Chemist: 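This is the structure, below, for whatever I ask next.
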Number of protein chains: 2
Amino acid sequence: MAIDAKLISAESVLSALGDPTRRTMVAGLSQGPATVSSLAGLLGITRTAVGQHIAVLEACGLAHSEKLGRVRTCRLNFGGLSVLQDWIDFQRATWERSLDQLGEVLLEDDE
Amino acid sequence: MAIDAKLISAESVLSALGDPTRRTMVAGLSQGPATVSSLAGLLGITRTAVGQHIAVLEACGLAHSEKLGRVRTCRLNFGGLSVLQDWIDFQRATWERSLDQLGEVLLEDDE
DNA sequence: CTATTGATGAAGTCTTCACTTCACTAATCG
DNA sequence: CGATTAGTGAAGTGAAGACTTCATCAATAG
């Protein structure tokens with residue numbers, strides 16, 4: 001254990017980005033805010049489905065949205081990607097540290 | 001369209017990292033190489049399942065493995081994470097460019 | 001006002017996929 | 001040699017989740 005720690009939110013971001021539709025949404029939103037309807041048109045899915053994806057993206061901090069009148073506008077949240085950045089950096093740092101500690105065998109971690 | 005382009009392999013990496021078990025595997029492998037059996041023990045799943053996950057990680061370039069005798073040893077592939085890094089950078093660049101281009105409304109992208 | 005439009009909750013369908021069991025092969029140990 | 005041990009292919013199970021339809025509500029349009 002102790003492998004993951006304080007990476008909890010990176011978990012949710014990676015989980016969210018595991019879905020291709022949400023990846024396309026992020027790519028689209030990186031070009032500017034969009035409404036539920038416009039995203040539905042872009043993605044070829046129902047508004048209901050878009051709303052569900054937005055909820056996931058908001059939950060992990062990748063996006064936020066607000067409703068003005070009857071129109072909900074969704075925007076990318078810049079900070080969300082930095083969490084992912086931190087995760088990558090952490091894995092890399094761990095990897096490099098493990099390379100320093102040795103140069104040869106290290107397979108005697110039992111079975 | 002034209003939203004995704006040349007990001008095809010980032011797609012597979014994000015798809016692979018969407019699974020929590022594979023994320024744990026990556027975290028474990030960042031601390032050094034491991035055998036199928038040791039990963040199975042660490043994760044609490046069968047060797048068969050581990051083998052399937054390794055196949056996915058190899059397919060997207062995040063890991064590679066080789067079999068010596070009857071033991072397969074799996075290692076992280078450093079370059080794999082840089083693909084993900086590039087994806088983040090691309091989204092950020094697009095985001096910042098969209099911020100430059102305007103300061104107000106841009107919702108007339110219709111469907 | 002009525003009609004339309006944007007969005008959302010509830011609930012169901014259906015596919016994907018993580019994981020298992022079983023059977024088998026090959027390498028190592030005694 | 002026979003007995004474990006490491007791994008893998010095939011095939012099946014089960015659950016997660018992406019998406020839909022339907023019904024409803026509120027905001028805007030005419």
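FYI, side chains are in, hydrogens and waters are out, and symmetry mates aren't considered; it's all heavy atoms of this structure. No experiment lies behind these values; they were computed from the predicted model shown.
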Chemist: In whole angstrom, give the distance that lies between atom NZ of Lys67(B) and atom P of dT25(C).
Modeler: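 It is 13 Å, rounded to the nearest whole Å.
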
Chemist: Rounded to whole angstrom units, what separation is found between the CD atom of Glu58(B) and the P atom of dG7(D)?
Modeler: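 Atom CD in Glu58(B) sits about 13 Å away from atom P in dG7(D).
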
Chemist: Could one point to a donor on the side chain of Arg70(B) or the base of dA6(D) with an acceptor on the other under 3.5 Å away?
Modeler: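 Donor-acceptor pair under 3.5 Å: no.
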
Chemist: Could you please name the option among dT21(C), dA11(D), dC19(D) that lies closest to any side-chain atom of Thr46(B)?
Modeler: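 Of all the options, the side chain of Thr46(B) is nearest to dT21(C).
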
Chemist: Mapping Val71(B) and Leu68(A) onto DNA chain D by nearest heavy atom, which one lands closer to the 5' end?
Modeler: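 So the residue in question is Val71(B).
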
Chemist: What nucleotide among dA6(D), dA18(C), dA18(D) has an atom nearest to a side-chain atom of His53(A)?
Modeler: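 Ranking dA6(D), dA18(C), dA18(D) by closest atom to the His53(A) side chain puts dA18(D) first.
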
Chemist: Which of the following nucleotides, dT8(D), dA18(D), dA11(D), is nearest to the side chain of Gln52(B)?
Modeler: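 Of dT8(D), dA18(D), dA11(D), dA11(D) is nearest to the side chain of Gln52(B).
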
Chemist: How many whole angstroms separate atom CZ of Arg22(A) from atom C1' of dA16(D)?
Modeler: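 The answer, rounded to whole Å, is 12 Å.
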
Chemist: Decide salt bridge (Lys or Arg N to Asp or Glu O under 4.0 Å) for Arg23(B) and Glu11(A); before the verdict, give the C-alpha distance in whole Å, the side-chain angles of both, and the deciding distance to 0.1 Å.
Modeler: CA-CA 8 Å; Arg23(B) 261 173 268 146; Glu11(A) 291 283 300; 2.7 Å; yes

Chemist: Would you check if there is a donor-acceptor pair between the side chains of Glu58(A) and Ser65(A) at a distance under 3.5 Å?
Modeler: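 The answer is yes; a qualifying pair exists.
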
Chemist: Please report, rounded to the nearest Å, how far the C1' atom of dG17(D) is from the CG atom of Asp19(B).
Modeler: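 That distance rounds to 13 Å.
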
Chemist: Taking the minimum atom-to-atom distance to the side chain of Thr48(B), which one of dC19(C), dT21(C), dG7(D) wins?
Modeler: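 Nearest to the side-chain atoms of Thr48(B), counting from C-beta on, is dT21(C).
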
Chemist: Return the value, rounded to whole Å, for the distance between atom CD of Glu66(B) and atom P of dT8(D).
Modeler: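 Taking atom P of dT8(D) as the reference, CD of Glu66(B) is at 13 Å.
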
Chemist: Given that Ile54(A) and Gly69(B) both sit by DNA chain C, which one's nearest nucleotide is further toward the 5' end?
Modeler: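 Its nearest nucleotide lies further toward 5', so the answer is Ile54(A).
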
Chemist: So if I take every side-chain heavy atom of Arg72(B) and compare against dT21(C), dG7(D), dA18(C), which nucleotide ends up nearest?
Modeler: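 Within the option list, the nearest is dG7(D).
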
Chemist: Quick one: is dC19(D) close enough that its OP1 or OP2 comes under 4.0 Å of any side-chain N or O from Arg47(A)?
Modeler: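 Checking Arg47(A) against dC19(D): no side-chain N or O falls below 4.0 Å of OP1 or OP2.
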
Chemist: Has Ser37(B) got a side-chain N or O lying under 4.0 Å from the OP1 or OP2 atom of dG7(D)?
Modeler: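 So the side-chain polar atoms of Ser37(B) do come within 4.0 Å of the phosphate oxygens OP1 or OP2 of dG7(D), strictly under.
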
Chemist: Assess whether side chain to side chain contact (heavy atoms under 4.5 Å, CB included) is satisfied between Leu43(A) and Met25(A), documenting all intermediate values.
Modeler: CA-CA 8 Å; Leu43(A) 298 165; Met25(A) 281 182 66; 3.4 Å; yes

Chemist: State yes or no: do Val56(A) and Leu17(B) share one hydrophobic cluster built from I, L, V, M, F, W and Y residues joined by side-chain heavy-atom distances below 4.5 Å, directly or via other members?
Modeler: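 Shared cluster, no.
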
Chemist: Figure out the CG/C1' separation between Leu42(A) and dG6(C), and round it to whole Å.
Modeler: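 Going from CG in Leu42(A) over to C1' in dG6(C) covers 17 Å.
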
Chemist: Side-chain N or O of Thr35(A) less than 4.0 angstrom from OP1 or OP2 on dG6(C)?
Modeler: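 Checking Thr35(A) against dG6(C): no side-chain N or O falls below 4.0 Å of OP1 or OP2.
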
Chemist: Take atom CG of Leu17(B) and atom C1' of dA18(C), then tell me their distance rounded to the nearest Å.
Modeler: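 These atoms are roughly 16 Å apart.
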
Chemist: Among Leu68(B), Thr73(B), Val50(B), which one satisfies side chain to side chain contact (heavy atoms under 4.5 Å, CB included) with Thr35(B)?
Modeler: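 Testing Thr35(B) for a side chain to side chain contact (heavy atoms under 4.5 Å, CB included) against Leu68(B), Thr73(B), Val50(B) leaves exactly one candidate, Thr73(B).
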
